[in-house]
There are 2 protein chains.
Amino acid sequence: MFSKACEYAIRAVIYICHQSKNGERVGLKEIAKRTDSPEAFMAKILQKLVKNGIVSSLKGPTGGFVLDKEQQEKIRLVDIVYAIDGDNVFNGCGLGLRECSEEQPCPIHDKFKNIRNGLSKMLHQTTIHDLAEGLSTGTSYLRI
Amino acid sequence: MFSKACEYAIRAVIYICHQSKNGERVGLKEIAKRTDSPEAFMAKILQKLVKNGIVSSLKGPTGGFVLDKEQQEKIRLVDIVYAIDGDNVFNGCGLGLRECSEEQPCPIHDKFKNIRNGLSKMLHQTTIHDLAEGLSTGTSYLRI
DNA sequence: TTAATAAAGGACTTATTTATCCGTTATTTG
DNA sequence: CAAATAACGGATAAATAAGTCCTTTATTAA
């Protein structure tokens, strides 16, 4: 569904948000460890997230990554997916046909559209804030 | 959503089914052309489909690929996806966590489950026969 | 102001997916 | 039977995704 990079990205943002709510800034090492992802690869992903305004960062000692109040409330799953995987999740034909359209639909066009509309709706409705909440209440986990 | 190979596979099976209904056996070259896919790669994919009993094949002159009556009615999208992409579409965690479960769910577990259940249901309900029908009636297309 | 810290960024490697090439095997028709 | 045809199957190449390494830049605190 999502690329590996995108999965890591979502994990990271949820974790950073969770910690940001406690007023804690988190470093790369900690993020990689707590989200069970390769550190060097995570570094690249975090760079992209910062460039896209999804997370904020500070260099130097006591530096690290953080989600400010506005980011915590505004950032949705769709923003992360879009930043990392682009729009292919939302736009492409289910069978990979370039010419597929409402006028000249592929055989699975409508059925596929239903699924993707559901996915799109979910990604738009879900904020990081909501997801981080689960970590706080202990109803969801990023790693055991 | 699906791998390129899987997209090609679905296109091919729909096309073969469409032609099989007209009692026509189709060769690799024709399949590749009519589904706009690379011939050599399609050859590999067709081999896999034959091994999985999704399509039938005959060697030699007048040979080619065909869906017999039973295959036309029985084969569903899920069978093709499963044969080519395996079960990762249906089983994996949305965030790629190995330990994710109902007891220890990842933060997007339930939301993701909804989407995937919808996808799974669609793939199980949709037979190739249904999809090929659209080609016959001119309401859907594999290429312009 | 210097040492330590941590993110940024470029170059590179590894793994996987996608795609091609070519010889072999089976089948049909003359 | 011989020649042509078409799928089968193994090896290989190209492209993309995943992941690593190392140097530079910014910041903080002693």
Side-chain angles (χ1 to χ4, degrees), chain A residues 1-13 15-16 19-20 24-67 81 83-86 88-89 92 95-96, chain B residues 1-13 16 19-20 24-33 35-67 81 83-86 88-89 92 95-96:
Chain A
M1 189 82 81
F2 309 125
S3 70
K4 224 86 190 62
C6 190
E7 291 176 358
Y8 293 147
I10 296 172
R11 296 193 219 169
V13 177
Y15 180 69
I16 298 167
Q19 293 300 82
S20 294
E24 307 215 355
R25 202 173 287 163
V26 284
L28 167 63
K29 269 196 174 62
E30 182 183 342
I31 295 169
K33 196 168 290 178
R34 296 315 196 88
T35 61
D36 202 12
S37 38
E39 192 178 313
F41 193 34
M42 179 56 85
K44 291 297 176 202
I45 293 165
L46 287 168
Q47 276 181 42
K48 225 174 197 173
L49 291 173
V50 169
K51 272 189 190 154
N52 282 272
I54 290 169
V55 311
S56 304
S57 70
L58 286 138
K59 287 186 178 182
T62 78
F65 299 88
V66 92
L67 263 78
V81 173
I84 304 296
D85 283 348
N88 54 332
V89 182
L95 298 185
Chain B
M1 191 81 81
F2 308 126
S3 72
K4 223 90 191 58
C6 189
E7 291 176 358
Y8 293 147
I10 296 171
R11 296 192 220 170
V13 177
I16 297 167
Q19 294 299 85
S20 293
E24 307 215 355
R25 201 173 288 162
V26 285
L28 167 62
K29 269 195 174 60
E30 182 183 342
I31 295 169
K33 195 168 290 177
T35 61
D36 201 12
S37 38
E39 193 178 313
F41 193 35
M42 179 56 85
K44 291 295 174 202
I45 294 164
L46 287 168
Q47 276 181 40
K48 226 174 196 174
L49 292 173
V50 169
K51 272 188 190 155
N52 281 273
I54 290 169
V55 312
S56 303
S57 69
L58 287 138
K59 286 186 178 182
T62 77
F65 299 88
V66 92
L67 263 78
V81 173
I84 305 295
D85 282 349
N88 53 333
V89 183
L95 298 185

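All of these numbers come straight from a predicted model, not from anything done at the bench. Throughout, protein chains are lettered first and strands after them, A, B, ... in sequence-line order, and every chain is numbered starting at 1.
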Review point. I16(B) CD1 to dA6(D) P: how many Å, rounded?
Key: 15 Å
Check your understanding: For the pair made of CG in L46(B) and C1' in dG9(D), what is the distance, rounded to whole Å?
Key -> 14 Å
Check your understanding: Between I84(B) (CD1) and dT18(C) (C1'), how many Å, whole number?
Key -> 13 Å
Point to revise | Shortest non-hydrogen contact between T62(A) and R25(A), atoms and distance | key: O-NH1, 2.8 Å
**Study point:** Nearest-angstrom distance from the residue atom CD1 of I45(A) to C1' of dA17(D)
**Key:** 11 Å
Exercise for review: Let me know the distance between NZ of K48(B) and C1' of dA7(D), rounded to the nearest Å.
Suggested key: 17 Å
Practice item. Grab the two heavy atoms, one from I45(A) and one from A5(A), that are nearest each other, plus how far apart they are. Key: CD1-O, 3.6 Å
Review point. Is the closest side-chain heavy-atom distance between E39(B) and M42(B) below 4.5 Å?
Key: no
Check your understanding: Is any side-chain heavy atom of I16(B) closer than 4.5 Å to a side-chain heavy atom of L46(B)?
Key -> yes
Practice item. Kindly indicate whether the side chain of F65(A), heavy atoms from C-beta on, has any atom under 4.5 Å from the side chain of V50(A). Key: yes
Revision key, fill the gap. On a heavy-atom basis, the closest approach of R11(B) and T35(B) is NH1-O, 2.6 Å
Review point. Do Q19(B) and I31(B) come within less than 4.5 Å of each other through their side chains, counting heavy atoms only?
Key: no
Is there any protein nitrogen or oxygen under 3.5 Å from a nitrogen or oxygen in nucleotides 18-23 of chain D, and what are the pairs?
unit_1  : atom_1 : unit_2 : atom_2 : d
dA18(D) : OP1    : K4(A)  : N      : 3.1
dG19(D) : OP2    : Y8(A)  : OH     : 3.2

Point to revise | Whole-Å gap separating P (dA26(C)) and CG (L28(B)) | key: 19 Å
Review point. Are the charged groups of K4(A) and E7(A) less than 4.0 angstrom apart, N to O?
Key: yes
Exercise for review: Using whole Å, report how far CZ of R25(A) lies from P of dT5(C).
Suggested key: 17 Å
Practice item. Look at the side chain of D85(B) and the backbone N and O of V81(B), then say whether any donor-acceptor pair between them is shorter than 3.5 Å. Key: no
Point to revise | Residues in contact with DNA chain D, drawn from residues 57-67 of chain B - heavy-atom cutoff 4.0 Å | key: S57(B), L58(B), K59(B), G60(B), P61(B), G64(B), F65(B)
Review point. To the nearest angstrom, how far is N52(A) atom CG from dA8(C) atom C1'?
Key: 15 Å
